[in-house]
Amino acid sequence: MILIIHIRIHTYVSMSSSRKVVELFYDVVSPYSWLAFEVLCRYRNVWNIELKFKPAYLAGVMHGSGNRPPGMVPNKFHYMTTDLKRLSNYFGVHLSPPSNAFEAMFEKGTLNAMRFVTAVAEKEKEGDMLVERVSRELWKRIWSTDQDITQPASLTEAGLKAGLSANEVEEILTLSKSQPIKDKLKSVTEEALEHKCFGFPCTVCYVNGKTEVFFGSDRFELMAYCIGEKWVGPQPANPTAKM
Ligand SMILES: N[C@@H](CCC(=O)N[C@@H](CS)C(=O)NCC(=O)O)C(=O)O
């Protein structure tokens, strides 16, 4: 009996320590990050990986890297609009651009939303997947149902839908305005810049002592190759949608 328990514990420890760490730096302003996020959530149980979410601030990455949002270049903006439509089907993620995407992305922005997610991360307990659920609700609002994500009432609604209680949402809203949370979002954004990120999604994989950085939701085939896993398309439960 003792031997069996020992073997089980040993197997669990060695399995978890051999998992390849994959970090996803994202901001809910970025629809391509939503695609990458959903793909990694699906592959979390297919690949031998430990997925870590890194909510950060894309405007800070743009500024710090000297880049410029593709949506600000009219031809890229036009391309993105068409591209996102076909990607929505392909990835099986219900993407529908906000009626005024320029206003939503660049005038309203996501500073409050990403501080909110950062505060959620601070409160998250192992296994409750709060960051995942809240991020998804925020993406749904901005990139699916054309709803605001800047006002406290909007963040509250997203938090409640994600399964937080009214009291928890209130506590997280207050926390999201605190200096430590502002600093935390800044430091995760700086971490992304240390990896030389210039846009999102930015996925950092740690495997065999090496760090591999990938930009975009269109690099999964290469990522799989680099980390020694198998890519079967964006919907592993429905592998006919191959990339
Ligand atoms: N080809 C990438 C494009 C991703 C993308 O355009 N991300 C935007 C944010 S939504 C960005 O940060 N772009 C920076 C850049 O293009 O330099 C994909 O398919 O995922």
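Ligands are counted one by one from 1 in listed order, and the atoms in each one are counted from 1 as well. This structure is a prediction, so every number in the text was calculated from the model and none was measured. Note that these values count all heavy atoms, side chains included, but never hydrogens, waters or copies made by symmetry.
By the 4.0 Å heavy-atom criterion, Arg68 is excluded from the residues contacting ligand 1.
Using a distance-only test at 3.5 Å, with no hydrogens or angles considered, no donor-acceptor pair links the side chain of Lys123 to the main chain of Ile172. Formation of a donor-acceptor pair under 3.5 Å by the Thr110 side chain with backbone atoms of Ala113 is not found in this model.
Scanning the protein for heavy atoms near atom 7 (N) of ligand 1, the closest one is Phe200 O, 2.8 Å. For atom 1 (N) of ligand 1, the closest non-hydrogen atom on the protein side is Asp218 OD2, 2.9 Å.
Sulfur-sulfur distance for Cys202 and Cys197: below 2.5 Å, consistent with a disulfide.
Under 4.0 Å from ligand 1, not a single heavy atom of Met80 appears. Heavy atoms of Leu35 found under 4.0 angstrom from ligand 1: none, in either backbone or side chain. Residue contacts with ligand 1 for Ser30 involve both N, CA, C or O and side-chain atoms from C-beta outward (heavy atoms, distance under 4.0 Å).
Within 6.0 Å of the NZ atom in Lys182, the count of heavy atoms belonging to other residues, nucleotides or ligands exceeds 12.
Among the atoms of Asn67, some N or O lies under 3.5 angstrom from an N or O of ligand 1.
The atoms of ligand 1 that sit less than 4.0 Å from any heavy atom of Phe198 are 17 (O). Close approach to Ser217 involves these atoms of ligand 1, each under 4.0 Å from a residue heavy atom: 18 (C), 19 (O), 20 (O).
Classification of Glu212 and Lys20 as a salt-bridged pair fails, no side-chain N sitting under 4.0 Å from a carboxylate O.
Relative ring orientation between Phe37 and Trp139 is described as tilted, the plane-to-plane angle lying within the 30° to 60° band.
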